[in-house]
Amino acid sequence: MPKKQNVFSSVVAWRRRAVSRAVHRGARWVREAGAVTAERPGPYRFRRLGAGARLAYPQGTVFGDPWIEIGAYCIIAQDVTLTAGMMPGLDLGPDPILTLGNGVVLGRGSHVIADVRLTIGDDCFFGPGVYVTTTNHSYDDPELPVGKQWPRSEPVTIGPGSWIGTGAVILPGARLGRNVVVAAGAVVRGEVPDHSVVAGAPAKVVRSWDPEAGWQPPLRTPAPVPIPEGVTSQELMALAALEAETGGMDAGGAGPGEPGHGAQGAPVPRPADAP
């Protein structure tokens, strides 16, 4: 009897594994088939959808697509909402309403709502759950429900190279400069200068770049050192293990940050600009 039970259990386990593999293969196929690219635009008629751009499946709410421009090599994650106009089916005129530059990355679950002109520059990166809107509710009439009052709209601009942290909110009229960092959860309105870091609700500048003095206040950690070209993952793992064993002193006797040699006398890879 135990032998039969073991055989039965093995068959059940095999069937479950087979079903699981089939489900995951099917899900991968659906995600791939449902992705939107320039070659496979699906049901959308974007004003522009650049080469290499991709909207992951499932897409969030998308409407007003003839007034939406998406640059080359943009990555739009799952469940991202992209809208132009207050509702579908409107004629918004001859000009684009929502423009994403080249290389823009929108994190999962983000919302970009453009009733008037909204521009996101090249190489901007958004974390998950970012909310950008050109329109806000008004509450001028104390007797009328807020949701029934006509909203206010102002254009929004996000400069190239900016990083928008998880859960940040960019309000109507915001004008972010180049390479701006928005902390997670910040609520941004008004103008933000180039090369600034903003945080809080409402967001305030907490760090900025001075051409002579550098970052003010100064950064608390050193800048990361890029990995040199040609270094393999195995070499990096070996270097990390060696440094862990020697407490930051490599086998050649060199201290941290000093060029040294590995256990076999071979040079340890260092960036060309390392001290």
Side-chain angles (χ1 to χ4, degrees), residues 27-137 147 150-164 166-176 182 188:
R28 284 196 295 271
W29 183 88
V30 168
R31 288 195 296 268
E32 182 62 30
V36 170
T37 65
E39 296 76 24
R40 295 179 299 172
Y44 306 113
R45 297 179 296 119
F46 291 109
R47 186 185 185 97
R48 180 193 174 206
L49 184 55
R54 183 182 180 91
L55 284 74
Y57 180 86
Q59 292 86 40
T61 300
V62 178
F63 64 75
D65 32 307
W67 290 271
I68 298 176
E69 297 179 326
I70 300 175
Y73 303 104
C74 289
I75 299 175
I76 315 299
Q78 295 180 9
D79 302 313
V80 170
T81 292
L82 296 173
T83 66
M86 290 190 178
M87 61 186 69
L90 299 178
D91 185 349
L92 304 177
D95 300 321
I97 298 296
L98 170 58
T99 298
L100 275 60
N102 297 327
V104 171
V105 176
L106 299 181
R108 183 171 185 166
S110 292
H111 291 65
V112 183
I113 313 297
D115 296 338
V116 295
R117 193 80 173 99
L118 193 160
T119 304
I120 299 175
D122 295 344
D123 300 314
C124 286
F125 285 63
F126 288 48
V130 172
Y131 193 93
V132 185
T133 181
T134 61
T135 302
N136 208 347
H137 292 287
W150 194 255
R152 287 187 172 88
S153 298
E154 293 184 76
V156 170
T157 302
I158 300 176
S162 294
W163 162 251
I164 315 298
T166 300
V169 177
I170 312 298
L171 293 174
R175 300 176 302 280
L176 280 64
V182 176
V188 183

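It should be emphasised that the depicted structure is a prediction, and the values quoted were computed from it without experimental measurement.
- Applying side-chain contact (heavy atoms from CB on, under 4.5 Å) to Val105 and the options Ile75, Ile76, Ile164, Asp123 leaves one that passes, Ile75.
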message: Assess the residue pair Asp79 and Arg108 against the criterion (side chain to side chain contact (heavy atoms under 4.5 Å, CB included)); give the C-alpha distance rounded to whole Å, side-chain angles, the decisive distance to 0.1 Å, and a yes or no.
response: CA-CA 6 Å; Asp79 302 313; Arg108 183 171 185 166; 3.7 Å; yes

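- Nearest heavy atoms, Ala77 versus Ala56: C-CB, 3.9 Å.
- Side-chain contact between Leu82 and Leu106 is present, with at least one heavy-atom pair separated by less than 4.5 Å.
- Nearest heavy-atom pair across Gly121 and Cys124 is O-SG, 3.4 Å.
- Residue Arg40 qualifies as enclosed at atom CZ: its count of foreign heavy atoms under 6.0 Å is above 12.
- At distances below 3.5 Å, not a single donor-acceptor pair connects side-chain atoms of Asn102 with backbone N or O atoms of Asp122.
- Side chains of Arg117 and Thr157: a donor-acceptor N/O pair is absent below 3.5 angstrom, by distance only.
- By the 4.5 Å heavy-atom criterion applied to side chains, Gln59 and Tyr44 are counted as neighbours.
- With a 4.5 Å cut-off on side-chain heavy atoms, Ile113 and Thr81 count as touching.
- A donor-acceptor pair under 3.5 Å links the side-chain atoms of Asp65 to the main chain of Arg45, judged by distance alone.
- Using modelled atom types, one side-chain atom of Ser110 and one backbone atom of Gly127 make a donor-acceptor pair closer than 3.5 Å.
- Smallest separation of non-hydrogen atoms from Ile70 and Ala53: CG2-CB, 4.2 Å.
- Distance CD1/Ile158 to CD1/Ile120: 4.5 Å, rounded to 0.5 Å.
- You'll find the side chain of Pro96 reaches within 4.5 Å of the side chain of Arg47, heavy atoms only.
- Between Arg54 and Glu32 there is a salt bridge, with a side-chain nitrogen of the basic residue lying less than 4.0 Å from a carboxylate oxygen of the acidic one.
- Gly173 and Val156 make their closest contact through N-CG2, 3.7 Å (heavy atoms, listed as atom of the first residue, atom of the second, distance).
- The two residues Ala84 and Ile68 have their closest heavy-atom pair at CB-CG1, 3.9 Å.
- Taking 4.5 Å as the limit, some side-chain heavy atom of Pro58 sits within range of a side-chain heavy atom of Gln78.
- Heavy atoms from other residues, nucleotides or ligands lying under 6.0 Å from OH of Tyr57 number 12 at most.
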- request: Starting from the C-alpha separation in whole Å, work towards a yes-or-no answer on side chain to side chain contact (heavy atoms under 4.5 Å, CB included) for Trp67 and Asp91.
  value: CA-CA 9 Å; Trp67 290 271; Asp91 185 349; 3.7 Å; yes

query: Going through the distances and angles, do Val130 and Phe125 end up as a side chain to side chain contact (heavy atoms under 4.5 Å, CB included)?
result: CA-CA 10 Å; Val130 172; Phe125 285 63; over 6 Å; no

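- Proximity of Met86 to Pro151: side-chain heavy atoms (C-beta onward) are separated by under 4.5 Å at one or more points.
- Counting all heavy atoms, side chain and backbone alike, Val112 lies closest to Leu98 at CG1-CD1, 3.6 Å.
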- request: Might you work through the side chain to side chain contact (heavy atoms under 4.5 Å, CB included) test for Val169 and Leu171, ending with a clear yes or no?
  value: CA-CA 6 Å; Val169 177; Leu171 293 174; 3.8 Å; yes

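- Checking side-chain atoms of Thr134 against main-chain N and O of Asp115 turns up a donor-acceptor pair under 3.5 Å.
- Separation of atoms CD (Glu69) and SG (Cys74) is listed at 11.0 Å; rounding is to 0.5 Å.
- Taking the side chain as every heavy atom from C-beta outward, Leu176 and Val182 approach each other to under 4.5 Å.
- Inter-residue side-chain proximity for Leu49 and Val36 is flagged as met; some heavy-atom pair is nearer than 4.5 Å.
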